[in-house]
Structure formats: C-alpha cells, structure tokens
Amino acid sequence: MEGVTVAHVEDEIPSTRSLILSTAEQLFMQHGYANVSMQRLVEKIQEWRPITKPAVYYYFRDKAALYEAVLTTVTERFGRKLRAVVAERGSLEERLQHVAEVLQEIGPEAFTRMRFDISEHLDAQAQHRLAETYRMTILTPITDILAEIEPNTADAQEIKPQVATAALMGLTNGLMGYFKEDRQRVARWVVKILLYGVTSSK
C-alpha cells in the first residue's frame, strides 16, 4: 500500500523478532487483521529465511499480541518522525507542513482499517495501551507545536490545541484521500486552512 514500507531493521541480517514484526506489518497494512493468518505470515517470512510457526509463537503468544506489537512499533516510528520535525528550525507554518507530510505516510485506507481492527479484534487492555501510546507519541508532539499559535480573536481563543490537533489530522486525512499524489501540496493546503481559513488572502 502506498505510504507503507516494510521496516526491516537497519542491520543487514535482522533478528528473528524484527523480521517477524516487519513482515507482519507489511501483511497487516496491506490486507487487514482478519485476512492475515499466522500460517500466511510464516510462509511470507520463509521467503527471507527458514522459520516455523512455533518460532513465531515463541516471540508472540498469539496473533492479537503480534498485532499490538506491530501497531506499537509503527506508532513509535511515526512519533520519532513527528518529534524530529516539531524540533526543527523554521517558522511555525513550515514545521506544521512537515507534520502534515509525516501524517500522510500512512494512507487513509490503512489508518481506517487499523482503527476498525483494533476495536474489533483486540481486548480492552490492549486497546487502552495502544491509545496511550498513540496519545503520547503522535498526539502530544502535534498538540505541543499547535500550542505555539497565538489566538488573535476571542473566537480563536476557544480553539484549544487539542481541538486544533484533531482539525489538523482530520484535514490531512480527508485531503490526502483525494490528492495522495502530492503530499507537499496537501500539507500546504492543510496548514493554510488551519491557520488562516479558506477566506484568507494569505
């Protein structure tokens, strides 16, 4: 799927656990939780190296635990990218555009599928852990940068950073569904709308 790559570890010979995670990420992102069996995962990994199903279960007790580990890995990876662009030098507008570009790296179809799979297939404790990871690693960096905006009207003062974060993510997700071929243009539109509105001359 566009925007999703197999994240094998940096060394040339990844550990077995890393190879399981990166292969599972590819399959889950492309096909969804329900359509990926552990046998299918094993067969895919065997394209890289010999492995048995018990070897997979040695690292992950079941498919749900593997899926949680994959989503945690993906979330933390994107969180590192977001923290890096938030810490960049440059104007607020430039940094927000980079944030919007990072958010586009997971396509809207994959994001929607993940949200459905989490609610459908993971237990309440796993859902809570993933929600907390998402809040800390994805939402917090975005909220922090949006907190730098200085409201210039009483109406603007009512829009808290958490609300602006939801607006930024919603705009990005919506626009990239139509204009996925140009991330920079989508990011520019998102930030212009968020900061200035559609009637602004800026």
**Q** Nearest 0.5 Å, what's the CG-CG distance between Leu175 and Asp182?
**A**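 Reported to 0.5 Å precision, the distance equals 11.5 Å.
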**Q** Tell me, do Glu105 and Lys81 make a side-chain contact under 4.5 Å, heavy atoms counted?
**A**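 A side-chain contact exists here, since the closest heavy-atom pair is under 4.5 Å.
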**Q** What do the steps show when you test Asn173 against Met169 for side chain to side chain contact (heavy atoms under 4.5 Å, CB included), and what is the final call?
**A** CA-CA 6 Å; Asn173 191 61; Met169 299 184 74; over 6 Å; no
**Q** Are Leu82 and Met136 connected into the same hydrophobic cluster when the rule is that any two of I, L, V, M, F, W, Y join if their side-chain heavy atoms are below 4.5 Å apart?
**A** no
**Q** I need the Leu71 CG to Leu122 CG distance, nearest 0.5 Å.
**A**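 Leu71 atom CG to Leu122 atom CG measures 7.0 Å (nearest 0.5 Å).
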**Q** Under 4.5 Å between any side-chain heavy atoms of Leu103 and Met176, yes or no?
**A** no
**Q** Please report the shortest heavy-atom distance between Leu194 and Ala167, naming the atom on each side.
**A** CD1-CB, 3.9 Å
**Q** Quick test of your reading of the model: are Glu132 and Arg135 salt-bridged, counting only N-O distances below 4.0 Å?
**A**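 A salt bridge is present here (some side-chain N lies under 4.0 Å from a carboxylate O).
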**Q** Is it the case that the side chain of Ser22 and the backbone of Leu19 share a donor-acceptor pair, with hydrogens and angles ignored and the cut-off at 3.5 Å?
**A** yes
**Q** Under 3.5 Å, sequence neighbours excluded: what are the donor-acceptor pairs made by side chains of residues 51-58?
**A**
from, atom 1, to, atom 2, distance (Å)
Thr52, OG1, Ala55, N, 3.4

**Q** Does Glu88 reach the side chain of Glu94, with side-chain heavy atoms less than 4.5 Å apart?
**A**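 No, their side chains stay 4.5 Å or more apart.
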**Q** State plainly whether the residues Arg115 and Glu120 are in salt-bridge range, i.e. N to O under 4.0 Å.
**A** no
**Q** Nearest 0.5 Å, please: how far is OG1 in Thr23 from CD1 in Ile20?
**A**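 Atom-to-atom, Ile20:CD1 and Thr23:OG1 are 8.0 Å apart.
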**Q** Please round to the nearest 0.5 Å and tell me the distance separating atom CD1 of Ile145 and atom OG1 of Thr140.
**A** 13.5 Å
**Q** Cluster question for you: counting only ILVMFWY and a side-chain heavy-atom cut-off of under 4.5 Å, with indirect links fine, are Tyr67 and Phe116 together?
**A** no
**Q** Indicate whether any N or O donor in one side chain lies under 3.5 Å from an N or O acceptor in the other, for Ser15 and Ser18.
**A** yes
**Q** Test side chain to side chain contact (heavy atoms under 4.5 Å, CB included) on Leu21 and Phe60; report intermediate values, then the result.
**A** CA-CA 10 Å; Leu21 279 173; Phe60 305 97; 3.7 Å; yes
**Q** From Ile138 CD1 over to Thr165 OG1, what is the distance, rounded to the nearest 0.5 angstrom?
**A**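 One finds 11.5 Å between CD1 of Ile138 and OG1 of Thr165.
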**Q** Begin with the C-alpha distance, continue with both residues' side-chain angles, and end with the deciding distance and a verdict on side chain to side chain contact (heavy atoms under 4.5 Å, CB included) for Tyr33 and Met114.
**A** CA-CA 8 Å; Tyr33 182 93; Met114 283 189 293; over 6 Å; no
**Q** Measure from the side-chain N and O atoms of Thr75 to the backbone N and O of Thr133, and report whether any donor-acceptor pair falls under 3.5 Å.
**A**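 Flag not set: sc Thr75 to bb Thr133 has no pair under 3.5 Å.
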**Q** If I take atom OG1 from residue Thr72 and atom CG from residue Leu130, how far apart are they, to the nearest 0.5 angstrom?
**A** 4.5 Å
**Q** Can you name the closest pair of heavy atoms from Met38 and Asp62 and give their distance?
**A**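 Taking Met38 first and Asp62 second, the nearest heavy atoms are CE-C, 4.3 Å.
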**Q** Under 3.5 Å, is there a donor-acceptor pair between the Arg113 and His31 side chains?
**A**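 Distance-only check fails for Arg113 and His31.
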**Q** Does either side chain, that of Gln97 or that of Glu101, offer a donor lying less than 3.5 Å from an acceptor on the other one?
**A**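 There is no such pair (donor and acceptor under 3.5 Å, judged by atom type) between the side chains of Gln97 and Glu101.
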**Q** For Arg95 versus Val85, what's the shortest heavy-atom pair and its separation?
**A** CG-O, 3.8 Å
**Q** Evaluate Tyr134 against Glu76 for side chain to side chain donor-acceptor pair (under 3.5 Å), listing each step before the verdict.
**A** CA-CA 8 Å; Tyr134 183 77; Glu76 291 176 345; over 6 Å; no
**Q** The test is side chain to side chain contact (heavy atoms under 4.5 Å, CB included); show your working for Val74 and Met29 and say whether it passes.
**A** CA-CA 10 Å; Val74 171; Met29 293 298 183; 3.7 Å; yes
**Q** Decide if atom CD of Gln184 counts as having more than 12 heavy atoms of other residues, nucleotides or ligands within a radius under 6.0 Å.
**A** no
**Q** Is any side-chain heavy atom of Phe78 closer than 4.5 Å to one of Thr137?
**A**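 No. Closest side-chain heavy atoms not under 4.5 Å.
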**Q** If we only count heavy atoms from C-beta on, is the Leu96 to Leu146 side-chain gap below 4.5 Å?
**A**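 In contact.
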**Q** Given 3.5 Å as the limit, does a donor-acceptor pair link the side chain of Lys63 with the main chain of Val36, or not?
**A**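 Answer holds: yes.
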**Q** What pair of heavy atoms forms the shortest contact from Ala24 to Val70, and how long is it?
**A**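 Shortest heavy-atom contact: CB-CG2, 3.8 Å.
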**Q** Just wondering, more than 12 heavy atoms not from Glu47 lying within 6.0 Å of its CD?
**A** yes
**Q** For the residue pair Thr143 and Pro161, what are the closest heavy atoms and their distance?
**A**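 Scanning both residues, the minimum pair turns out to be CG2-CB, 3.6 Å.
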**Q** Whether Arg188 and Glu93 form a salt bridge (side-chain N of Lys/Arg under 4.0 Å from carboxylate O of Asp/Glu) is what I want to check.
**A** no
**Q** Linking I/L/V/M/F/W/Y whenever their side-chain heavy atoms sit closer than 4.5 Å, directly or via other members, would Tyr59 and Trp48 fall into one cluster?
**A**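 Same cluster: Tyr59 reaches Trp48 through Ile, Leu, Val, Met, Phe, Trp or Tyr contacts under 4.5 Å.
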**Q** For residues Arg77 and Glu25, determine if any side-chain heavy atom of one lies less than 4.5 Å from a side-chain heavy atom of the other.
**A**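 Yes - at least one pair of side-chain heavy atoms lies under 4.5 Å apart.
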